[in-house]
Amino acid sequence: MVWTTQDQVAEARKRPLSAAGTLYGALKPIMENGGVDLDNATLLDRLVQNGSLTAETAKRHLTRINAFGAVNAGIDDTYEILLLVRSLPQTYAYIDGAKLLVETRRLAEVGFVPERLEKTDQVMDSVRKGFAEGAGGFGLAIVHEALGDRHVTIAETNPAPPDHPYINQVSLAYTLLTFSYTPLIGLKEVGEDVPEGDALLTWMGVWKIIGSAMGIEEGGLPDTFDEARHLWELIIASPGYGHSDEGVKLLQALKEHVAAGQKADTPIDLIGQHGDAAVLELLKPKKAGT
C-alpha cells in the first residue's frame, strides 16, 4: 500500500534503496550471472522459475510492458522537452538529491550541466525504449544496472547525514514521480492529450515496474494516477522537500545552459514558461537577511 501519512514518509526517508521485496533484489542474482543480456520476457520467466514472482504477476507485468510502446509513442516528443524544463528542476526541490548532486560534482566544472543532461537523457531514453520494445526489450536489465546498481554505488561512496541516507526511499520515489506523474501534468498544461483509461494504467503500471527494479518499496509505488497525485502531495508537504542553496544553484545553472543553447538575441525562458511554478518560486535565491 502506498504511503498515506507523514510518519510513514519520515520512516521511509531513513531507509536506503531496498533489495527486499523489490524487483531490484529479485533480479540481482540473475543479473550477476549473465542476466544483463536477457530480455524482459526471459527475466520475468526466470523470476517465476526461482519463486520471486507468481506466474500471474509476471503475466500482468508482461501485458503492461507489451502495451507500453504505443502509449509512449503518443507523448514521446513533448515528454522529452518536459524532462528538461519541468522534471529536472523538480528534482532539485528534493533537498537530499540536490545536496548529493552538488557534493559529488562541482557546479563550476566545465561541462557539468550539459554532461548531466546528456546522461539523464540517455538513461531515460534507453529505459523507455527498453520497455517500448515490449517482451524483447531490455528495460528491466537497463533499469537494474543504470538506476539500481548505480545508486547503490553512489550511496556507498558518498558520506550521508547521520539521520538518513541521501539516496533513500522517499528521494527515489519522488524522482520517479518527476518522470512518471508530473510530465502528465505538464502535458495537460500545454494542451496535449494525455493517456486515459487502459493507456493510463499501462503508463503508471510500467513506471511501477521501473520503480521496483530501482529498489523502491511498495509504499513509494502508486498503481494509479490518483495514487500518484496523493503521494506527490504527501512528499512535497514533507521536510525533505524545500528550498536549499544547492537546489537554487542547480536550477540557475540549468537555466543558463538552456538560454545559452538558443540562438535568439533574447533567449526565451522555457523553464519559466513551462516549468513547475511552485518549484520555481521555491528555488528563488533568498535575499540577504531572510
Side-chain angles (χ1 to χ4, degrees), residues 1-27 47 52-54 56-61 63-65 67-68 71 86-87 90-91 93-97 124 127-128 131 139-140 143-144 147-148 151 164-188 194-242 276 278-279:
M1 180 178 292
V2 175
W3 308 314
T4 57
T5 70
Q6 288 297 337
D7 286 343
Q8 289 174 322
V9 171
E11 287 301 312
R13 193 183 182 197
K14 299 175 184 177
R15 297 193 291 271
L17 180 153
S18 177
T22 66
L23 284 173
Y24 174 75
L27 286 166
L47 293 176
S52 298
L53 283 184
T54 66
E56 181 181 358
T57 299
K59 181 179 179 180
R60 185 170 62 249
H61 285 351
T63 298
R64 295 284 191 231
I65 291 170
F68 184 73
V71 180
R86 189 179 185 93
S87 297
Q90 286 173 328
T91 64
Y94 199 79
I95 297 170
D96 295 333
M124 297 314 300
V127 166
R128 288 188 298 123
F131 286 100
L140 284 169
V143 171
H144 191 277
L147 299 177
H151 283 143
H164 66 272
Y166 279 135
I167 297 177
N168 57 68
Q169 286 295 318
V170 184
S171 67
L172 289 170
Y174 175 84
T175 300
L176 189 72
L177 287 170
T178 67
F179 294 113
S180 59
Y181 164 70
T182 69
L184 300 185
I185 304 299
L187 285 170
K188 287 183 178 181
V194 298
E196 297 180 345
D198 289 343
L200 182 56
L201 289 175
T202 292
W203 178 264
M204 298 305 301
V206 169
W207 281 103
K208 180 173 182 176
I209 292 169
I210 292 170
S212 185
M214 287 170 57
I216 302 175
E217 60 193 43
E218 279 292 313
L221 297 175
D223 284 297
T224 67
F225 182 85
D226 284 344
E227 283 188 354
R229 175 169 53 83
H230 289 305
L231 182 59
W232 177 262
E233 291 172 352
L234 189 70
I235 293 176
I236 66 173
S238 71
Y241 174 91
D276 182 331
V279 166

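Counting from 1, the numbers follow the sequence of the chain as shown.
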## Note on the structure
In this structure, OG1 of Thr91 is separated from CG of Leu176 (nearest 0.5 Å) by 13.0 Å
### Query
What's the spacing between Ile216 CD1 and Leu23 CG if we round to 0.5 Å?
11.0 Å
### Message
A side-chain contact here means heavy atoms from C-beta on lying under 4.5 Å apart; do Thr175 and Tyr94 qualify?
### Response
no
### Message
Please evaluate residues Leu27 and Val143 with respect to the criterion side chain to side chain contact (heavy atoms under 4.5 Å, CB included), reporting the C-alpha separation (whole Å), side-chain torsions for both, the decisive distance (0.1 Å), and the verdict.
### Response
CA-CA 11 Å; Leu27 286 166; Val143 171; over 6 Å; no
Side-chain donor-acceptor contacts of residues 220-229 below 3.5 Å, not counting sequence neighbours, with atom names and distances?
residue	atom	partner	partner atom	Å
Asp223	OD1	Lys208	NZ	2.8
Asp223	OD2	Lys208	NZ	3.2
Thr224	OG1	Glu227	N	3.1
Asp226	OD1	Arg229	NH2	3.4
Glu227	OE1	Asp223	N	2.8

### Query
For the residue pair Pro195 and Val71, what are the closest heavy atoms and their distance?
CG-CG1, 3.8 Å
### Query
Which side chain to side chain donor-acceptor pair (under 3.5 Å) pairs, counting each pair once, include a residue from residues 194-204, with sequence neighbours left out?
none
### Message
Please check this pair: side chain of Gln169 against backbone of Lys14, looking for a donor-acceptor N/O pair closer than 3.5 Å.
### Response
no
### Task
Working to the nearest 0.5 Å, report the span between CD1 of Ile236 and CG of Asp276.
7.5 Å
### Query
How would you list, by chain and number, every residue that makes a side chain to side chain donor-acceptor pair (under 3.5 Å) with Lys188, sequence neighbours excluded?
none
### Query
Who passes ring pair (Phe, Tyr, Trp, His ring centres under 6.0 Å) against Phe131, sequence neighbours left out?
none
### Message
Taking the side chain as everything from C-beta on, heavy atoms only, tell me whether Leu200 gets closer than 4.5 Å to Met204.
### Response
yes
### Task
Taking Ser212 for its side chain and Ile209 for its backbone only, find out whether a donor-acceptor pair lies under 3.5 Å.
no
#### Entry: N/O donor-acceptor pair under 3.5 Å between Ser87 side chain and Thr178 backbone
yes
### Task
Taking all heavy atoms of Val9 and all of Ser238, pick out the closest pair and write down the distance.
CG1-CB, 3.9 Å
### Task
Assess whether side chain to side chain contact (heavy atoms under 4.5 Å, CB included) is satisfied between Trp3 and Glu217, documenting all intermediate values.
CA-CA 10 Å; Trp3 308 314; Glu217 60 193 43; 3.7 Å; yes
### Distance (rounded to the nearest 0.5 Å) between Tyr181 OH and Gln90 CD
9.5 Å
### Query
Quick one: are Leu172 and His151 in side-chain contact, heavy atoms under 4.5 Å?
yes
### Task
Mind listing the closest non-hydrogen atom pair of Ala213 and Leu140 along with its distance?
CB-CD2, 4.4 Å
### Message
Just so I know, are the side chains of Arg64 and Leu201 near enough to count as touching, which here means a heavy-atom distance under 4.5 Å?
### Response
yes
### Query
Mind checking what makes side chain to side chain donor-acceptor pair (under 3.5 Å) contact with His164, not counting sequence neighbours?
Arg13, Asp96
### Task
Give a yes or no answer on whether the side chain of Thr57 reaches the backbone of Leu53 with a donor-acceptor pair at less than 3.5 Å.
no
### Query
Can you name the closest pair of heavy atoms from Val194 and Leu184 and give their distance?
CG1-O, 3.5 Å
### Message
Taking Ser171's backbone N and O only, do any of them form a donor-acceptor pair with Tyr166's side chain (distance below 3.5 Å, no angle check)?
### Response
no
### Message
side chain to side chain contact (heavy atoms under 4.5 Å, CB included), that's the test. Do Val279 and Tyr241 meet it? Break it down for me.
### Response
CA-CA 10 Å; Val279 166; Tyr241 174 91; 3.6 Å; yes
### Query
If every non-hydrogen atom of Met124 is compared with every non-hydrogen atom of Phe179, which pair is closest and at what distance?
CE-CG, 3.9 Å
## Note on the structure
Here the gap from His230 atom NE2 to Ile235 atom CD1, rounded to the nearest 0.5 Å, amounts to 13.5 Å
### Query
Is Glu56 paired with Lys59 through a side-chain N to carboxylate O contact shorter than 4.0 Å?
no
### ring pair (Phe, Tyr, Trp, His ring centres under 6.0 Å) partners for His144, two or more places apart
Tyr24
